[in-house]
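Bear in mind that the values here come from a model prediction, so they are computed numbers and not experimental data. Remember, it's 1-based here, ligands and their atoms both numbered in the order they're listed. We use all heavy atoms of the structure for the numbers below, so side chains are in, but hydrogens, waters and symmetry mates are not. The first residue of the sequence shown is numbered 1, and numbering continues consecutively from there.
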Amino acid sequence: MSRQAVTVIGLGPMGQAMASALRRADHPVTVWNRTASKAAALVTEGAVLAATPAEAVAANELVILSLTDYAAMYPILEQAGAALAGRVIVNLSSDTPERTREGAAWVTARGARHLTGGVQVPPPQVATPGAATFYSGPEEVLDAHRSTLEVLTSVDFRGADPGLAALYYQLTIDLFWTTLVGYVHMLAVAAPHDISARYLLPYAAPALAGMPYFLEFYGERIDAGDHRGDVDRLSMAEASLDHVVHTTRAAGVDPTLPAAVLDLVRRGVAAGHGSDSISSLMTVFRRPAS
Ligand code: NDP
């Protein structure tokens, strides 16, 4: 049986990885990118470079977008004009839940169907085991194209609301960015001591590998509204973070990151949670500073 033909619009690192994975799986692929030169390698892999967005959209029912954000979609699809009607637009560009809902409504109003997607892996992990994408939108549309989309990653359907895939994406990327910036900060403090990232890896990696224990422990208690300080106390976190800020400053490194965390903890202590667990920061986060 011949494979479903697919259009991929947007050839940044992610779009290129996706178009290439589809080609390797023998799907006919049409591509378009604002900067046409980025299609060169894909054309050697057998992809067809469309001359215009209208040509790319008209080529296939299934159109995957991989753009910086949703704002980039409008000028491209506007150029597609009437070719848009009847298409399935799978927008794998990340953005806020609100903007993805607006984008889905815009596409739907032009006679096409829209799926929102939030890809959870970097480009080199596309089409590798364990790769997953959050999807939301009309489930029957997703089901109709599931086998093709599964060439890229596994499919995790979050619900009919088009904003849901973006919401789950934003929740996980929130954790990702704060964790990754924490790692870069750690390395910045280590560097003046001539301690390299390579040397620290055997210490940093187990610290993160141990995190699921804490996620489960605190997650269960937070769901239950249980912030008792039988294992850890916010006042202990305050003292510990103060040491981190001082160690950072002593290394000549900008202390903005741990100082911001210390500030949050101090607000929790000032609100009377000094004897409660770090989980009591939930109450600080949910009462933003005025
Ligand atoms: P890039 O920002 O590097 O590339 C995005 C593409 O969008 C490029 O092809 C670019 O065209 C195009 N583009 C941007 N603005 C416009 C515009 N106004 N008009 C026309 N085309 C435009 O992103 P990535 O490829 O890295 O990622 C794509 C999406 O996937 C993003 O939303 C990202 O958040 C998400 N994602 C990325 C991951 C990653 O690790 N890279 C991981 C998970 C999700 P041109 O080449 O002409 O500049």
Side-chain angles (χ1 to χ4, degrees), residues 6-23 29-43 45 47-57 62-81 83-84 89-104 106-107 114-137 149-156 158 162-181 183-184:
V6 187
T7 289
V8 178
I9 293 180
L11 300 176
M14 186 57 90
Q16 290 188 39
M18 289 179 166
S20 182
L22 288 163
R23 278 304 302 137
V29 175
T30 299
V31 295
W32 182 84
N33 194 54
R34 179 178 59 180
T35 309
S37 57
K38 289 189 186 169
L42 290 163
V43 168
E45 293 172 30
V48 173
L49 174 60
T52 63
E55 198 178 300
V57 170
L62 183 60
V63 178
I64 293 174
L65 303 184
S66 179
L67 302 163
T68 305
D69 52 23
Y70 266 59
M73 170 182 81
Y74 300 105
I76 295 172
L77 293 189
E78 268 161 7
Q79 291 178 62
L84 194 51
I89 304 298
V90 181
N91 197 335
L92 301 182
S93 319
S94 59
D95 215 316
T96 67
E98 294 76 13
R99 291 195 195 122
T100 59
R101 286 188 190 106
E102 287 163 15
W106 188 93
V107 165
H114 183 278
L115 291 170
T116 310
V119 183
Q120 297 171 62
V121 291
Q125 287 176 26
V126 167
T128 65
T133 299
F134 296 125
Y135 284 98
S136 61
L149 295 172
E150 281 177 344
V151 168
L152 307 176
T153 70
S154 67
V155 167
D156 185 346
R158 296 285 86 214
L164 278 174
L167 175 62
Y168 278 87
Y169 178 84
Q170 294 306 332
L171 291 173
T172 53
I173 205 82
D174 174 350
L175 182 62
F176 174 80
W177 283 129
T178 49
T179 305
L180 194 62
V181 172
Y183 176 56
V184 176

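Counting heavy atoms only, Arg34 comes closest to atom 22 (C) of ligand 1 of the residues Gln16, Arg34, Met18, Gln79.
Heavy atoms of Val121 come nearer than 4.0 angstrom to ligand 1 in at least one pair. Residue Gly10 places a heavy atom less than 4.0 Å from ligand 1.
Remark: ligand 1 and Gly12 share an N or O pair separated by less than 3.5 Å (distance only, no angle test).
Listed by number with element, the atoms of ligand 1 under 4.0 angstrom from any heavy atom of Pro123 are 39 (C), 40 (O), 41 (N). Atoms of ligand 1 lying under 4.0 Å from at least one heavy atom of Pro122, given by number and element, are 40 (O). Those atoms of ligand 1 that come under 4.0 Å of a heavy atom in Lys38, given as number and element, are 45 (P), 46 (O), 48 (O). Less than 4.0 angstrom separates some heavy atom of Val119 from each of these atoms of ligand 1: 43 (C), 44 (C). Close contacts of ligand 1 with Tyr169, meaning ligand atoms under 4.0 Å from a residue heavy atom, involve 34 (O), 43 (C), 44 (C). Listed by atom number, the atoms of ligand 1 under 4.0 Å from Leu11 heavy atoms are 9 (O).
Ring geometry for Phe134 versus Tyr168: interplanar angle of 30 to 60°, hence tilted.
Of the N and O atoms on the side chains of Gln79 and Thr52, not one donor lies less than 3.5 Å from an acceptor on the other residue.
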